[in-house]
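Only one structure is covered here, and it is reproduced in the block below.
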Amino acid sequence: IKDFNFNYLPTSLNMSSNMDRQYSQIKLRDLSGTSTNGGSLDLNSSRDFMWNRQFNIKWDLTKSISLGLQTAMNASIIEPYNTPEIGKQYYESWRDSVWSNIKKLGVPYSYQQVFNASWRLPIDKLPMMDWITSSASYNSNYSWNRTAAIEGSTNLGNIATSMGAWQLDGQFNFENLYNKSKYLKDINRRFGPQSSLGKPKFQSRTFTQNVNLEKNKLITINHRLGSEKFKFTAVDRAGKPVLLNYKIKNATTIEITPAQKADSVLLTLVSQDPNVQSQAQSSIDFAVRALMMVRKVSFTYRESNSMVLPGFKYQPNFLGQQSVNGVLSPGYGFVFGFTDVNTIKSIKDKDWLVTNDSVVTPATSAYTSDLDIKASLEPIPGLKIDLNAKRYQTRNTSIQYMFPDMPETYTGSYNISLVALSTAFKSMGTAQNNYKSELFDKFLAYRQIIADKLNSKLIGTHYPNAGFLKTNRLGDTSYN
């Protein structure tokens with residue numbers, strides 16, 4: 001129940017604010033004697049007034065769900081040219097200008113925002129499912145950077161970058177699953193690595209007790225042998241065997257329900273080595289242990305999307321947003337990493353991007369998916385085999401959004417693990433047969449198969465009527 005308790009207050013909350021002002025000035029003398037203002041040149045000054053603010057919150061909603069948010073704003077406080085360092089008479093006007101900028105929280109120079117969420121899935125809390133553990137997480141990163149100002153009225157906008165990634169992990173401990181069966185657990189114990197290491201030699205123990213039996217009256221015998229495998233005998237005072245049915249409760253106790261009355265019956269229990277089995281039983285156990293060769297399996301799947309937008313017009317305020325005609329720009333979806341192929345077009349249609357010919361850097365988007373699977377096998381004790389499988393895929397898109405048709409350029413890669421045992425030892429040919437290879441011939445044949453599959457996806461579509469195809473006879477015609 002504790003895992004599902006809800007924490008109504010954040011775990012930690014941190015805020016910091018730091019102002020840093022640096023100022024320097026240089027005034028040179030004119031040693032050539034050509035100066036008209038008493039031998040001194042114009043004053044050169046350098047100033048940098050930054051206001052850095054940080055916010056950090058961590059909230060463990062439950063023992064298995066955690067959230068975190070960090071933001072950092074670097075803002076510039078604009079100062080007038082004449083400062084108190086130049087002359088005390090400028091202090092009042094300098095103070096009013098600086099204070100006015102502080103009230104506006106300065107001019108954003110850069111902004112970073114990181115969001116983290118993790119959830120330990122409660123699969124192992126379900127009955128009979130404690131051999132499975134799994135977790136999921138989501139991370140997003142948003143950054144905004146002001147571009148350098150260009151002399152004149154040219155506006156290059158700013159650079160906004162968004163990234164979102166989620167990950168799913170799972171572990172399957174099949175050994176714990178097998179041990180839920182008493183029979184399979186005993187096999188794992190006897191075939192385990194500690195079954196013979198440092199184990200003392202078995203020594204048989206004997207327990208005897210005289211009892212009086214009453215018909216159908218239950219008797220509990222505490223023999224304290226510490227074993228459920230033993231030889232049981234019962235004889236009366238004349239030495240004749242007495243047939244008794246007994247039930248094993250645990251390693252130290254049995255229960256007897258006599259079918260007849262008898263006095264002074266001697267019970268004898270002799271413990272036996274639990275690891276000694278018949279040949280048939282040993283063969284069956286060995287086969288069952290081989291069927292339990294899969295010991296552990298784990299997987300990790302990660303998927304991420306990222307996007308870089310140059311020429312973004314607006315600047316960040318609360319959580320990276322700025323209200324534009326009643327709409328938040330660039331939107332919570334963008335700053336928390338939720339982007340897709342239509343995001344750039346949507347932002348451009350809202351007139352949030354600078355589209356003049358001074359912006360030459362294209363917008364870019366990237367997608368990656370990564371699947372990693374690991375398995376641990378042990379077909380026989382001491383022989384361990386580790387299997388690893390991996391699939392990795394990337395897609396990168398470059399979009400020239402400043403042009404009306406928004407031309408795109410695609411690149412990508414695809415990697416996957418292969419099991420090459422069936423073809424690794426096939427002949428690669430010799431000089432006598434001109435190095436003829438069956439595998440290479442198949443590769444050539446597969447090219448046409450793949451081409452046909454790709455071609456079938458385009459049947460019923462039209463050639464685009466944009467870019468160079470506008471003046472081509474194929475523009476806006478049926479695909480052939």
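The structure presented is a predicted model; accordingly, all values stated were derived computationally and were not measured.
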Decide yes or no on side-chain hydrogen bond (donor to acceptor under 3.5 Å, both in side chains) for T300 and D169, but give the supporting numbers first. CA-CA 5 Å; T300 298; D169 298 279; 2.8 Å; yes

Under the 3.5 angstrom rule, does the side chain of [X] hit a backbone N or O of [Y] as a donor-acceptor pair?
{"X": "K348", "Y": "Y401", "value": "yes"}
{"X": "N250", "Y": "T252", "value": "yes"}
{"X": "S398", "Y": "T364", "value": "no"}
{"X": "S76", "Y": "I78", "value": "no"}
{"X": "S456", "Y": "K453", "value": "yes"}
{"X": "S97", "Y": "W94", "value": "no"}
{"X": "R47", "Y": "Y81", "value": "yes"}

Which is it for D386 and K374 under the salt bridge (charged side-chain N to carboxylate O under 4.0 Å, His left out) test, yes or no, and what are the steps along the way? CA-CA 7 Å; D386 291 330; K374 298 180 179 179; over 6 Å; no

Closest approach of T397 to Y410 (non-hydrogen atoms, all atoms of both residues): OG1-CD2, 3.5 Å

Taking every non-hydrogen atom, the tightest pair across S306 and M163: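 Nearest pair, atom of S306 first, then M163: CB-CG, 3.9 Å.
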
Quick one: which of S66, S118, S12 gives a side chain to side chain donor-acceptor pair (under 3.5 Å) with D60?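 Checked S66, S118, S12 against D60; only one passes side chain to side chain donor-acceptor pair (under 3.5 Å): S66.
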
I need the [X] [atom1] to [Y] [atom2] distance, nearest 0.5 Å.
{"X": "T133", "Y": "L121", "atom1": "OG1", "atom2": "CG", "result": "9.5 Å"}
{"X": "N139", "Y": "N116", "atom1": "CG", "atom2": "CG", "result": "4.5 Å"}
{"X": "I187", "Y": "L184", "atom1": "CD1", "atom2": "CG", "result": "5.5 Å"}
{"X": "W144", "Y": "M73", "atom1": "CH2", "atom2": "CE", "result": "7.5 Å"}
{"X": "F49", "Y": "T83", "atom1": "CZ", "atom2": "OG1", "result": "12.0 Å"}
{"X": "L377", "Y": "I385", "atom1": "CG", "atom2": "CD1", "result": "5.5 Å"}

Results of salt bridge (charged side-chain N to carboxylate O under 4.0 Å, His left out) for [X] - residues two or more places apart only:
{"X": "E85", "value": "R21"}
{"X": "K457", "value": "none"}
{"X": "K180", "value": "D130"}
{"X": "K58", "value": "none"}

Ignoring hydrogens and angles, write down the donor-acceptor pairs under 3.5 Å from the side chains of residues 309-317, residues two or more places apart or on other chains.
from	atom 1	to	atom 2	distance (Å)
K313	NZ	D351	O	3.3
K313	NZ	D351	OD1	3.0
K313	NZ	D351	OD2	3.3
Q315	OE1	R146	NH2	2.9

Does any non-hydrogen side-chain atom of [Y] lie less than 4.5 Å from one of [X]?
{"X": "Q113", "Y": "N141", "answer": "no"}
{"X": "M129", "Y": "D124", "answer": "no"}
{"X": "P122", "Y": "R120", "answer": "no"}
{"X": "Q171", "Y": "V297", "answer": "no"}
{"X": "Q400", "Y": "M402", "answer": "yes"}
{"X": "T161", "Y": "Y142", "answer": "no"}
{"X": "K185", "Y": "K182", "answer": "no"}
{"X": "V327", "Y": "W352", "answer": "yes"}

Around [X], counting heavy atoms of other residues, nucleotides and ligands shown, do more than 12 lie under 6.0 Å from its [atom1]?
{"X": "L444", "atom1": "CG", "answer": "yes"}
{"X": "F440", "atom1": "CZ", "answer": "no"}
{"X": "N325", "atom1": "CG", "answer": "no"}
{"X": "K390", "atom1": "NZ", "answer": "yes"}
{"X": "F443", "atom1": "CZ", "answer": "no"}

Do we see a donor-acceptor contact under 3.5 Å between the side chains of [X] and [Y]?
{"X": "D96", "Y": "S93", "value": "no"}
{"X": "D48", "Y": "Y23", "value": "no"}
{"X": "N188", "Y": "N179", "value": "yes"}
{"X": "N74", "Y": "S110", "value": "yes"}
{"X": "N82", "Y": "Y91", "value": "no"}

Side chain to side chain contact (heavy atoms under 4.5 Å, CB included) with [X]: which residues, sequence neighbours excluded?
{"X": "Y301", "answer": "W166, E303, Y367, S369, L371, R391"}
{"X": "Y392", "answer": "T368, D370, T394, N415"}
{"X": "S100", "answer": "K104"}
{"X": "L383", "answer": "P379, I380"}

Once ring-ring contact (aromatic ring centres under 6.0 Å, His included) is applied, what residue pairs with a partner in residues 96-126 remain, sequence neighbours excluded? F115-F336

Can you pull out every side-chain hydrogen bond (donor to acceptor under 3.5 Å, both in side chains) where at least one residue sits in residues 438-447? Sequence neighbours excluded, please.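 Qualifying pairs, neighbours excluded: K436-D441.
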
Working for salt bridge (charged side-chain N to carboxylate O under 4.0 Å, His left out), residues D186 and R190: CA-CA 6 Å; D186 182 64; R190 288 188 285 107; 2.9 Å; yes

For R302, all residues meeting side-chain hydrogen bond (donor to acceptor under 3.5 Å, both in side chains), sequence neighbours excluded: none

Parallel, tilted or perpendicular for F174 and W131, by the 30°/60° rule?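 Tilted, since the angle between the ring planes falls between 30° and 60°.
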
Less than 4.0 Å between a side-chain N and a carboxylate O, is that true for R295 and E175? yes

Can a salt bridge be assigned to the pair K345 and D349 using a cut-off of 4.0 Å between side-chain N and carboxylate O?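 A salt bridge is present here (some side-chain N lies under 4.0 Å from a carboxylate O).
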
